[in-house]
2 protein chains.
Amino acid sequence: MSQTGFSRFNQWSHWMEGKGLESDIVLSSRIRLARNLRQLPFPHRLDESQAETTLARLEETLQAIHDRWHLDFYRLAEVSPLERQVLVEKHLVSPQLVQEPVRYQAVAIDPRESISIMINEEDHLRLQVVLPALSLQEAWHVANRVDDALEEHLDFAFDQKWGYLTACPTNLGTGMRASVMVHLPALVLMRQVAQVFTTLSQLGMVARGLYGEGTDALGNIFQISNQVSLGLSEEEFLHNLSVVAQQVVGSERHARQHLAREAGVRLADRVARAYGILTHARILSSDEALRLLSEVKLGADLGIVPALSRASFAQLAVLTQPGFLQLKAGRALNPLERDELRAKLIREQLLGEAA
Amino acid sequence: MSQTGFSRFNQWSHWMEGKGLESDIVLSSRIRLARNLRQLPFPHRLDESQAETTLARLEETLQAIHDRWHLDFYRLAEVSPLERQVLVEKHLVSPQLVQEPVRYQAVAIDPRESISIMINEEDHLRLQVVLPALSLQEAWHVANRVDDALEEHLDFAFDQKWGYLTACPTNLGTGMRASVMVHLPALVLMRQVAQVFTTLSQLGMVARGLYGEGTDALGNIFQISNQVSLGLSEEEFLHNLSVVAQQVVGSERHARQHLAREAGVRLADRVARAYGILTHARILSSDEALRLLSEVKLGADLGIVPALSRASFAQLAVLTQPGFLQLKAGRALNPLERDELRAKLIREQLLGEAA
């Protein structure tokens, strides 16, 4: 897979479009289903021949359902390191999938980048559907149909008592993890986010950073997901998560109103400065850009600075990432070149200048 | 003197207009002459009756030459503390003159605020002429003529050997101090300013901060003046200071070119961010405003950010000062109100918005 052939990945994904229910706070909704093939060991215990068998069988299956789901199959060994990095930055695959060696790993992705299937990550197959805003039911609906299509061709490991069998016991049962990606700048500013997350954990939910477990909440973006997948039906899990997401959205809205009322000019100063810097800086690191974009988004939502009219916050957040930048540039860039291009692209997006 | 009557002082002074020789680096040129009345002790040794006599005699004299020089006379006891502060901020009087008690202190100022006469500061009379840019000869020419006019009415303490007698021996001789106010952001950025000032002191010159002896070089603005006034004629001193000023200007220009060449995008980033913050911040402290204005001025001179078209750097620097701001507002402001008004006025000046 040449870099040119992969150029479809230098566009924004459907899930980043920033429209839909609670879309000012909920960036995206994601359903992930873990599935394994019966009569084959889990990926970490596969020998070479078994790994190749798994890979070949899944490739065949995806070929068989291609007319319906348009999932293009890429062996990661044939994907450049830069392209793999972009897949992670766009949340189409997990960081774990692209860790070397990637000889038996693959991914299948649809043209809108809403559906992706990771092959030989922790499980043989992980199906992911991501949609914009708060749309867990819609994402589940799509995931369920793709899962059905796959099951017509594959025999998944399933136990009457335990449900879908998975490499890690926390995924047993439905094999489902659902998550919403939320932007919580006001809760962070008011130092209330830890308290909100404590409440979440009591409800069986967990909050993580931008790129999942063990990563920082860059740009005040968090992923909230169900911690276990056993004991309830998919619909029950989704209902619970939707309710929790709505509560978090309510807390964030409340915090924003409080800030606007109490912090007044100090908040306006902070977000206006962030806007001033983003529209003028010639050098921007990824972390600084994301931090300032988060403040500008808050300010735009509160009507203090111009709205983000040309790109959604999610799009701008991905635009800050080093891999995506280099795919945009069409070549490898040194750190200073990246910081310059990042500043230029963000400036152009915010000001609506011609590229 | 009511605040309303003093409202002429909420305008910019002629010396701030930012035009003339080397005006991108030299903000102003100043001549100050120290004079004392014969047969009266120096101000710090005057008794009440003598102090009143001095004051009355000088008021009379200024009245006598009013038709020619239009110097309006203000007893500082009748000037509000806020108005006194503004006189200092505009460099029309020294900080020492307005220190309480001000019972026998006065000032006379012409409408363009080019000429000011401090009464009962360290000496009975200190005549100051300030003009924009590098214009020491012109300032000396004006000062000399006002001095001649005063001498038609007053008998100054003068000794054939020591020249004009002054309260402090460093002012003996011509009684003259000449200075130029220079903006040296590139020399400061390149950490070369200390070296330049060491050279100055070897030439009998001294560099001080924005508001004279013992003050910081806020906004990278320095005053360079002759250290002694004895042993040379006024013209010789002025010639020497002009030559030195030109050398400093040359060093600053060289440093700017070097920075533009070597620092390139990093310099552009720094000044563009300063411009972005100044045109967006809602709260600005005096120190931050002056620091950022200094960077914006450098950037404007180098063509990186828009030129300061509506106000000169000197005007903007005075606009950052707390007293002047309150005179503009027409009332006392608390610190946050000042920081807000400062941000608003600077933003409007930089963007050319209607006030």
Side-chain angles (χ1 to χ4, degrees), chain A residues 189 259-289 291-293 295-300 302-308 325 329 333-351 353, chain B residues 259-289 291-293 295-300 302-308 320 325 329 333-351 353:
Chain A
L189 259 180
L259 270 180
R261 202 170 52 238
E262 301 296 320
V265 66
R266 294 197 185 279
L267 178 68
D269 181 60
R270 185 170 179 146
V271 303
R273 280 171 183 248
Y275 186 83
I277 293 171
L278 283 183
T279 52
H280 288 82
R282 309 291 176 92
I283 298 174
L284 278 173
S285 74
S286 174
D287 282 10
E288 185 188 18
R291 181 174 61 72
L292 295 173
L293 281 170
E295 297 186 354
V296 165
K297 173 63 163 59
L298 175 62
L302 291 170
I304 300 168
V305 298
L308 304 179
L325 268 181
L333 302 172
N334 69 39
L336 179 60
E337 288 174 328
R338 288 206 295 271
D339 289 353
E340 286 188 62
L341 180 61
R342 181 179 293 113
K344 177 173 180 287
L345 294 179
I346 290 176
R347 189 167 67 240
E348 287 172 355
Q349 287 296 334
L350 288 184
L351 296 176
E353 294 168 9
Chain B
L259 271 180
R261 201 169 52 237
E262 301 296 319
V265 68
R266 295 198 183 279
L267 178 68
D269 181 59
R270 185 171 180 144
V271 303
R273 280 169 182 250
Y275 186 83
I277 293 171
L278 284 181
T279 52
H280 288 82
R282 307 291 173 92
I283 298 175
L284 277 174
S285 73
S286 174
D287 282 9
E288 186 188 17
R291 181 174 61 73
L292 295 174
L293 281 170
E295 295 186 356
V296 166
K297 173 63 162 62
L298 175 62
L302 291 172
I304 300 168
V305 297
L308 304 179
T320 66
L325 267 183
L333 301 173
N334 68 38
L336 180 60
E337 288 174 328
R338 288 206 295 272
D339 289 352
E340 286 188 61
L341 180 62
R342 180 180 294 115
K344 178 174 180 285
L345 294 178
I346 290 176
R347 190 168 64 240
E348 286 172 356
Q349 287 295 334
L350 288 185
L351 295 177
E353 294 169 9

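Heavy-atom basis, side chains included; hydrogens, waters and symmetry copies ignored. Keep in mind it's a predicted model, so treat the numbers as computed, not measured.
- When all heavy atoms are compared, the tightest approach of A281(B) to R273(A) is CB-NE, 3.6 Å.
- Checked against side-chain hydrogen bond (donor to acceptor under 3.5 Å, both in side chains), E340(A) has no partners two or more places apart in sequence or in another chain.
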Quiz prompt | Candidate pair V265(B) and L336(A), rule side chain to side chain contact (heavy atoms under 4.5 Å, CB included), full reasoning | solution = CA-CA 10 Å; V265(B) 68; L336(A) 179 60; 4.3 Å; yes
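- No side-chain donor-acceptor contact under 3.5 Å links R266(B) to the backbone of I283(A).
- Around atom CZ of R338(A), more than 12 heavy atoms belonging to other residues, nucleotides or ligands sit under 6.0 Å away.
- No donor-acceptor pair under 3.5 Å is formed between the side chain of R282(B) and the backbone N or O of L267(A).
- Neither the backbone nor the side chain of L278(A) comes within less than 4.5 Å of any heavy atom in chain B.
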